[in-house]
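Single-structure report; data block below.
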Protein chains: 2
Amino acid sequence: MATIRDVAKLAGVSVATVSRVLNQNGYVNEETEKRVRKAIEKLNYKPNEVARTLFKKTSKTIGLIVPDISNPFFPELVRAIEDVMNIYDYTVILCNSDEKSEKEKQYMDVLKQKYVDGMILTTNQLAIEEVMELDIPIVVLDRPSDHSFPSVIADNYHGARLATRHLYGIGCRKIAHIQGPAHVVNAMQRFYGYRDEMKSLGLWEEALIIQGNYQLRQAKEAVLQALQTNQVDGIFAGNDAMAVGALKAVQQLGLRVPEDVAIIGYDGIPLTEMTTPELSTISQPIYEMGAIAARLLVKKIEGQFIEQLHYVLPVTLIERESTNRRGKS
Amino acid sequence: MATIRDVAKLAGVSVATVSRVLNQNGYVNEETEKRVRKAIEKLNYKPNEVARTLFKKTSKTIGLIVPDISNPFFPELVRAIEDVMNIYDYTVILCNSDEKSEKEKQYMDVLKQKYVDGMILTTNQLAIEEVMELDIPIVVLDRPSDHSFPSVIADNYHGARLATRHLYGIGCRKIAHIQGPAHVVNAMQRFYGYRDEMKSLGLWEEALIIQGNYQLRQAKEAVLQALQTNQVDGIFAGNDAMAVGALKAVQQLGLRVPEDVAIIGYDGIPLTEMTTPELSTISQPIYEMGAIAARLLVKKIEGQFIEQLHYVLPVTLIERESTNRRGKS
DNA sequence: ATATTATATGTAACCGGTTACATAAAACAG
DNA sequence: CTGTTTTATGTAACCGGTTACATATAATAT
C-alpha cells in the first residue's frame, strides 16, 4: 500500500502539499496539483483512514446497538440508519446486546476506544449516567425520552388506544390484550393505552390481560389457555409476532377470525401481510424512525443546531382481514 | 481521555512499561505492575484502539457486505456472524450493497482504508480480480466457490431436488417451479436441481416454469397468471417469500392447499411457520452458515491453517401442512 | 522603490499507541 | 571473582496521516 510519502516523492513535493491536495485546503499551484494527482493515480493511493482518525479524532464510523437484529422489527430500522449514514460517508458498526446491560456497556466501551463519532442506542437497559460519561454524541431510538439525549420513538400509547378503539368499532366488547415483557418500556406504554381506552369504554377487566413475552410460541400457548376460561371476541397483541401466535391459537380452537375473534397486532412488520387471514396492525414508520435518528446523529456529530430534540412519530392503523367483519373489501 | 503517557507519569514509569503491562509481554516487576494498574484504574484509562491499529495494522474489525439486511434471510446470518466475531473480540461493520457492484466496490475500498482485518461477502456481483487485489482475508458466504476464497454455502442443487422429489412423493405430477432472478447463482442452482429431478421423473415440461424475482407480490401475480393456463398440482418456490405469494394466489383462486395444490418453499425463514397452512420448506442452516463463515475468517486473519476451504452444508426438508395430504400429523 | 499581502511549499511536531534497542542491576555459572 | 544470562526499565523511532509555523517568491499597494 502506497503512503502519502510515496506520493510526495513521486510528485517531487512534500507530504504537506499532498495533504493539501487531498483535503483541498491551503494554497497549491495548479501545476503542482496536477503532478500530485497523477502520482496518486499512478500509485493507486488511498489515504489511510486510521492515521487520519488518530489525528482528527473522528472516524466517520458510528456504533449501532440493537437488542437482536434477528428480531424482525430491527432489520428495516438498521437498513434505514445504514442508508442515511452512508449518504454522509459514515460506516456503521452493528452490535447485538440481547438487552443485557453488561453486553451493552462492553460494546459502548469498545466503540469509544475505536473513536466512533457517535452511537444510536435501541435499548431498555439504558444506564444514563454511564452513557453520559462516555461524552459522545448519542441518539436514543425506539425508547422514550426521559433524558437529555435526542430521541425518536413512535407513539405507543396512542397506537394502543387506536387498536383497542378499532376492535371496539367493529363490535368487539370482550377485548383481550397480550402484554409484552414488563421490563420493556414500550410494551408498558401499549398496555397503558389499552387500559385507558378500555376504561373509557367501560369495558376494563383485569382478567382480559394475557401475559406474553413478545414471542409467537409463548403467546399462542397463553392465548390457548386464556380462551379456555374467558369469553373473548377481540385480541390486541402487543406486537405482530404475538398476534400471529394468537391467530394460530384461535384457529386451532376452531374459531373463525375475524367473525368469532378479531385480532390486531402492533409494529407493522412485513409478516403481517403473509398470514391468512392477513393481520390488521398498528404500523410504526420504522424506516422513517431509523432515518430520522440517523440524521439527528449526524447533526449532533457535526455540531449543527437541532431544532427538535424529541420525535414522537404518529402510527397508523392498517385494517386487514383479521378485523374486517364486513366481508371482503 | 487519559493517554498512556498520563498513566506513565502517574505511575512514575515510562510508556514502554505501561505498554508492557497492558500487553502482558516483556519483563515487568511485580511492584511496578501494581503501581501501573493502580494508575490505570485511577484514571479510568482505556487504550486508544486507533493508535494501536495504526501501528499494528490490525483493527479487530471486519466488514460484512450483504445485499439487504431487510431481506429476511439475512438477519439470522448477520446475527450468527456478529456473535462469533464478538467472541473473538472483533466488531462488525455492516454494509448493504443492494447487489450493485459499484456500491460493493465503494464499500470494499472504504473498509480497506479503515484497516478492517477481513471481510465476509454475500454477493452475486463478485468481481474476483478486484477482490483479489485488495489483498485482505475474505470469506464468501451463500455464494458458490468458483474461486480461491474460503466459502460457505448450502447445497442448493440438492435441496431443489429434495423439494421436487417430496412433491412427487405426496402425489404431485404437475409440479411448477417459481424461479428466482437469473443473475442470482443460487436461484439458478435451485432451478437446475428442479429441472434434473423433473427430467429423471419423466415429468419435465418447459411450461411449468414460472418466472419470479424473489418477491412475494410478483410471485403471487405470476402464479395467478400461470394457473389460468396450466394444470398444476404442486409448486416448488425458489424461496419462502415466493412460496407465500403462491399460497396467496392459490387460496385466492379458491383452491385448497395442499389438497389441490401442494406448496413448498426454500430457505426456512421464520415466516414459513406463520402462514396458514404452515409452509413446508427446504431449510438452510442459516445460523450455522454464518457461524462457520465467521470462524473461517478468524482463522484466515490469524494465519491459522484451514483444513477445509469450501463448505457445502446439507439442507433439510421440513414437512408442514402445505404438503401434508395425510391429514393432521 | 519599498512595504504589504497573496500565493506556494517545506519542516517538523503531533495524534497515542508499540517495540527495537540500549542500559543497568540482579542472579547465576564456572 | 569475573563472565554470562535473566530481569527490569527507559529512550526514541515508527505507524501514516494533519497542520502550525517558517520561508520564499510573486503580486499589489503606497
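Because the structure is a prediction, the values reported are computed rather than measured. Reminder, nothing fancy here: chain letters follow the sequence lines and each chain counts from 1.
Remark: C1' of D/dT6 and CD of B/Glu30 are 16 Å apart, rounded to the nearest angstrom. If you measure from atom CG of A/Asn23 to atom C1' of D/dG17, you get 9 Å, rounded to the nearest angstrom. We find that OH of B/Tyr115 is positioned 10 Å from P of D/dC15, with the value rounded to whole Å. Here C/dC15 presents its C1' atom at 13 Å from CG of B/Asp6, a figure rounded to the nearest Å. Straight-line distance from the NZ atom of A/Lys46 to the C1' atom of D/dG17: 17 Å, rounded to whole Å. Nucleotide C/dG10 holds its P atom 14 Å from the NZ atom of A/Lys9, rounded to whole Å. Taking atom CD1 of A/Ile4 as the reference point, atom P of D/dT18 lies 5 Å away to the nearest angstrom. Remark: P of C/dG16 and NZ of B/Lys56 are 19 Å apart, rounded to the nearest angstrom.
When each of B/Ala51 and B/Asn29 is assigned the nucleotide of DNA chain D with its nearest heavy atom, B/Asn29 is the one assigned upstream, toward the 5' end.
Side-chain contact check for B/Ser151 versus B/Tyr311: every heavy-atom pair is 4.5 Å or farther apart. In this structure the side chain of B/Met132 reaches within 4.5 angstrom of the side chain of B/Ser148, judged on heavy atoms. Considering only heavy atoms from C-beta on, A/Ile153 stays 4.5 Å or farther from A/Leu141 through its side chain. A heavy-atom distance below 4.5 Å is found between the side chains of B/Ile93 and B/Leu111.
When only modelled atom types and interatomic distance are considered, A/Ser59 and A/Glu49 share no side-chain donor-acceptor pair under 3.5 Å. A side-chain donor from one of B/Tyr115 and A/Asn48 sits under 3.5 Å from a side-chain acceptor of the other. A donor and an acceptor atom, one from each side chain of B/Thr91 and A/Lys114, are located under 3.5 Å apart. B/Asp142 and B/Asn186 share a side-chain donor-acceptor pair at under 3.5 Å.
Proximity of A/Ser14 to the phosphate of C/dG10: a side-chain N or O atom is located under 4.0 Å from OP1 or OP2. One finds no side-chain N or O of B/Ser19 lying less than 4.0 angstrom from the OP1 or OP2 phosphate oxygen of C/dG17. In terms of phosphate contacts, B/Thr17 brings a side-chain nitrogen or oxygen within less than 4.0 Å of OP1 or OP2 of D/dG10. For the OP1/OP2 pair of C/dC15 and a distance below 4.0 Å, the side-chain nitrogens and oxygens of B/Asn48 include no atom meeting the criterion.
Checking C/dT9, C/dG16, D/dG17 against the side-chain heavy atoms of A/Tyr27 singles out C/dT9 as nearest. When distances are taken from the side chain of B/Arg20 to each of C/dA20, D/dA12, D/dC15, the shortest belongs to C/dA20. Here the side chain of B/Asn25 is nearest to one of C/dT19, C/dT9, D/dT18, namely C/dT19. Relative to the side chain of B/Thr3, the nucleotides D/dG10, C/dG16, D/dT18 differ in distance, and C/dG16 lies closest. Distances from the side chain of B/Lys57 to the nucleotides D/dG17, D/dC15, C/dG16 place D/dC15 closest.
Between the side chain of A/Arg5 and the base of D/dG17 there is at least one donor-acceptor pair of N/O atoms closer than 3.5 Å.
Looking at heavy-atom distances under 4.0 Å, B/Val50 makes no contact with the nucleic acid at all.
For DNA chain C, the residues of residues 31-45 of chain A within the heavy-atom distance limit of 4.0 Å (strictly under) are A/Thr32, sorted by number.
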